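So the structure is just underneath, and the comments pick up after that.
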Amino acid sequence: MSQHILTAVAWPYANGPRHIGHVSGFGVPSDVFSRYQRMAGNKVLMVSGTDEHGTPIQVQADKEGLGVREVADRYNRLIAEDLTALGLSYDLFTRTTTANHYAVAQEIFKGLHANGYIFPKTTMGAISPSTGRTLPDRYIEGTCPICSYDGARGDQCDNCGNQLDPIELINPVSRINGETPVFVETEHFMLDLPAFAEVLGSWLQSKQGEWRPNVLKFSLNLLGDLHPRAITRDLDWGVPIPLEGWSDQANKRLYVWFDAVIGYLSASIEWARRSGDPDAWRQWWQNPDARGYYFMGKDNIVFHSEIWPALLLGYNGQGARGGTAGSLGALNLPSEVVSSEFLTMEGRKFSSSRQVVIYVRDFLARYDADALRYYIAVAGPENQDTDFTWSEFLNRNNGELVAAWGNLVNRSISMAAKNFGAIPEAGDLTDADRALLARSRAAFGPVGAELNRSRFKNAVNEAFDVVRDANRYLAEQEPWKIKDDPERVKSILHVALQVVDDAKTLLTPFLPTSSNKIYAMLGGTGVWSGMPEMKEVDEDGRSYPVITGSYEGAARWESASIRPGTPLAPPTPLFRKLDPKIVDEELARLGE
RNA sequence: GGGGCGGUAGCUCAGCCGGUUAGAGCAGGGGACUCAUAAUCCCUGGGUCGCGGGUUCGAGUCCCGCCCGCCCUACCA
């Protein structure tokens, strides 16, 4: 049964390059999932983009002496290049600074406002006297009024842990330029989150047994303490507020978290427009049978299990105040929020400023995308924080990718090519032959079930069990010792190649590049599993890069019979074996 | 301070509703083989399941307390 599946991938923030911790949280898992779903015959729409508004971009621009737009442009392009190089199969990877995104974000705001879920409130805000810009709480520091710790931030004291209001700080100063902020009254719009407590509660309860328990428990717990949340802020870098008397205020914008989550919808709409059928997005957002899977790191759960559903419910008119759906029509809530934990780097937190980091770009300059994808799939932070170490990366690469899987492919094709120059025909099969063939065919069920539940470690391990069994089979059959029975050798190598082909299919979601190579080695034609590409597009005369691609490859989640007689060339190695000295080289690159 | 998650062999991690001698991969030790990027295959040593209580015929698996790590804490993307 073919289903419409929306893969909604967290939006990387465009204030700098992304490191491997970021892509292990949202990037690789979402791509493995999407590739599997396409192979299983479902209609996948995988969308994301760079998140480009907000104060951190403003701060970064000031630091670099550039405009916000230039900073956003630069990191949008850089991040898009990195994600493309990793092979992430976005149907559309766009950005939040498009006219389309502005229009969709404003439409959601207007819908919520019309239904009564947004109200204004006057609060005190800090501004920088020299620039006139608002200072977010966390950019203010001073002495904690409770414990007298003098490095307290405006939102919280790191020493005593108490919540603070920046106006309470003793001797407050700006962390950006050291000056003393001025506090002034300012008016903002608030989202009435408590109006959704009940409907969110029953929605979450209905996910019992389906979501990862930690995500569900965490989300349910948040419900007990919902408060109205500001959705605008004093900043000129953002989406204008679409109300009379507000839209022309240069210094009032939608707060960045509000517009960023709407990106899933706006990107889907942009994708549909570019595909030539402007209403195509509705199949993923309004069809009751469609499913939406959201991938992110754990710091983002609240936005996806609480706030984004609240925005959708409010827009649909389904909160405590009722209402009617906006002009887009009622929209589907997430089916599942798939959250990853965090990756650490050699036992420490990733930190760009302290050079405890490896950026995706630098990683891919020295190692292959499949090597990184494999590491993340098999050793990434799927259900708990995990530690990336270069020595484990080396071991996994050399011991598992190269020695177990790459070598199985290489020895099987090499023997067949050398002895027969083609895929040999099988003769009478022995019990061992039949057992191994049945073994790899039977793996599609359980491996697929694990992938469908986003249990990637189990999936890749079960796929690798097939690889280990195939290596054992060859060791037991010893075809290289058989000198007087070429028919038996043919049967053994036929079986081995069939299982290599099956394992290649099982590993395609994780290792698309190398799987494509194996497909070609065994005589496959055309595209097996499609790869993303960057394209320049125009919108209102402005050009920007997007990631897109045609993923309608030949890959299907099933065993496909290899064709005897297909010519085989001597293989070239699929994966690079790494020199152990890279561990020390990489460690030397890390800061103290 | 509050909430959440985690703390299992040298390393990275599995262990669902409590049930026989706690598992895997890698690393270590021994052996076999040579088709293959010296890759592969077989055998093997190794754990007071963070600490302390409790419930139970029986707890890594449930309850309480504590210690450690990480995430969130409502203008933090």
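Remember, predicted model here, so these are calculated numbers, not experimental data. Protein chains get the first letters and strands the later ones, always in sequence-line order, with residue 1 at the start of each.
At a threshold of 4.0 angstrom between heavy atoms, the contacts of R253(A) with the nucleic acid are absent. Across all strands shown, P479(A) has no heavy atoms under 4.0 Å from either base or sugar-phosphate atoms. Note on V302(A): nothing from the nucleic acid sits closer than 4.0 angstrom, heavy atoms only. When heavy atoms are screened at a 4.0 angstrom cut-off, I231(A) is found touching no nucleic acid atom at all. At a threshold of 4.0 angstrom between heavy atoms, the contacts of N300(A) include nucleobase atoms, whether or not backbone atoms are also involved. A403(A) comes within 4.0 angstrom of the backbone, heavy atoms only, and of no base. At the heavy-atom level, T232(A) lies nowhere under 4.0 Å from the strands shown. Residue R472(A) is classed as a sugar-phosphate contact, given heavy-atom separations below 4.0 Å to backbone atoms only.
For rG69(B) and rC62(B), the P atoms lie 23 Å apart once the distance is rounded to whole Å. The gap from the C1' atom of rC57(B) to that of rG18(B) amounts to 12 Å, rounded to the nearest Å. Straight-line distance between the C1' atoms of rC68(B) and rU8(B): roughly 16 Å, to the nearest whole Å. Nucleotides rU40(B) and rG50(B) place their C1' atoms 39 Å apart, quoted to the nearest Å.
Residue R468(A) has its side chain nearest to rG25(B) when only rC75(B), rU37(B), rG25(B) are considered. The side chain of K457(A) sits closest to rC13(B) out of rC13(B), rC41(B), rU12(B). Distances were taken from every side-chain heavy atom of D299(A) (C-beta onward) to each of rU34(B), rC72(B), rC42(B); the shortest belongs to rC72(B). Checking rC35(B), rU37(B), rU40(B) against the side-chain heavy atoms of N407(A) singles out rU40(B) as nearest. With rC41(B), rU12(B), rC35(B) as the candidates, the nucleotide lying closest to the side chain of N471(A) is rC41(B). Nearest to the side chain of N395(A), among rC26(B), rC5(B), rC33(B), sits rC26(B). For F575(A), counting side-chain heavy atoms from C-beta on, the closest listed nucleotide (rU12(B), rC70(B), rU37(B)) is rU37(B). The side chain of K298(A) lies closest to rC70(B), out of rC70(B), rC26(B), rC35(B). The side chain of K481(A) lies closest to rC33(B), out of rU40(B), rC33(B), rC75(B). Among the nucleotides rG25(B), rC75(B), rU12(B), the one closest to the side chain of E400(A) is rG25(B).
Under the 4.0 Å criterion applied to side-chain N and carboxylate O atoms, D73(A) and R95(A) are assigned as salt-bridge partners. Using a cut-off of 4.0 Å between Lys/Arg side-chain N and Asp/Glu carboxylate O, R472(A) and E476(A) are scored as not salt-bridged.
The distance between the ring centers of Y374(A) and W405(A) does not fall below 6.0 angstrom. You'll find the ring centres of H19(A) and F388(A) outside the 6.0 Å limit.
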Pairing string of RNA chain B (Watson-Crick or G-U wobble, both atom distances under 3.5 Å; | = paired to other strand) is (((((((..((((.....[...)))).(((((.......))))).....(((((..]....))))))))))))....
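A donor and an acceptor atom, one from each side chain of Y294(A) and W308(A), are located under 3.5 Å apart.
Classified by interplanar angle (parallel below 30°, tilted 30° to 60°, perpendicular above 60°), the ring pair W11(A)/Y264(A) is perpendicular.
Rounded to whole Å, the distance from CZ on F342(A) to C1' on rG69(B) is 14 Å.
Under the ring pair (Phe, Tyr, Trp, His ring centres under 6.0 Å) test applied with Y367(A), the options F575(A), F393(A), Y375(A) reduce to a single match, F393(A).
At distances below 3.5 Å, at least one donor-acceptor pair connects side-chain atoms of Y117(A) with backbone N or O atoms of G319(A).
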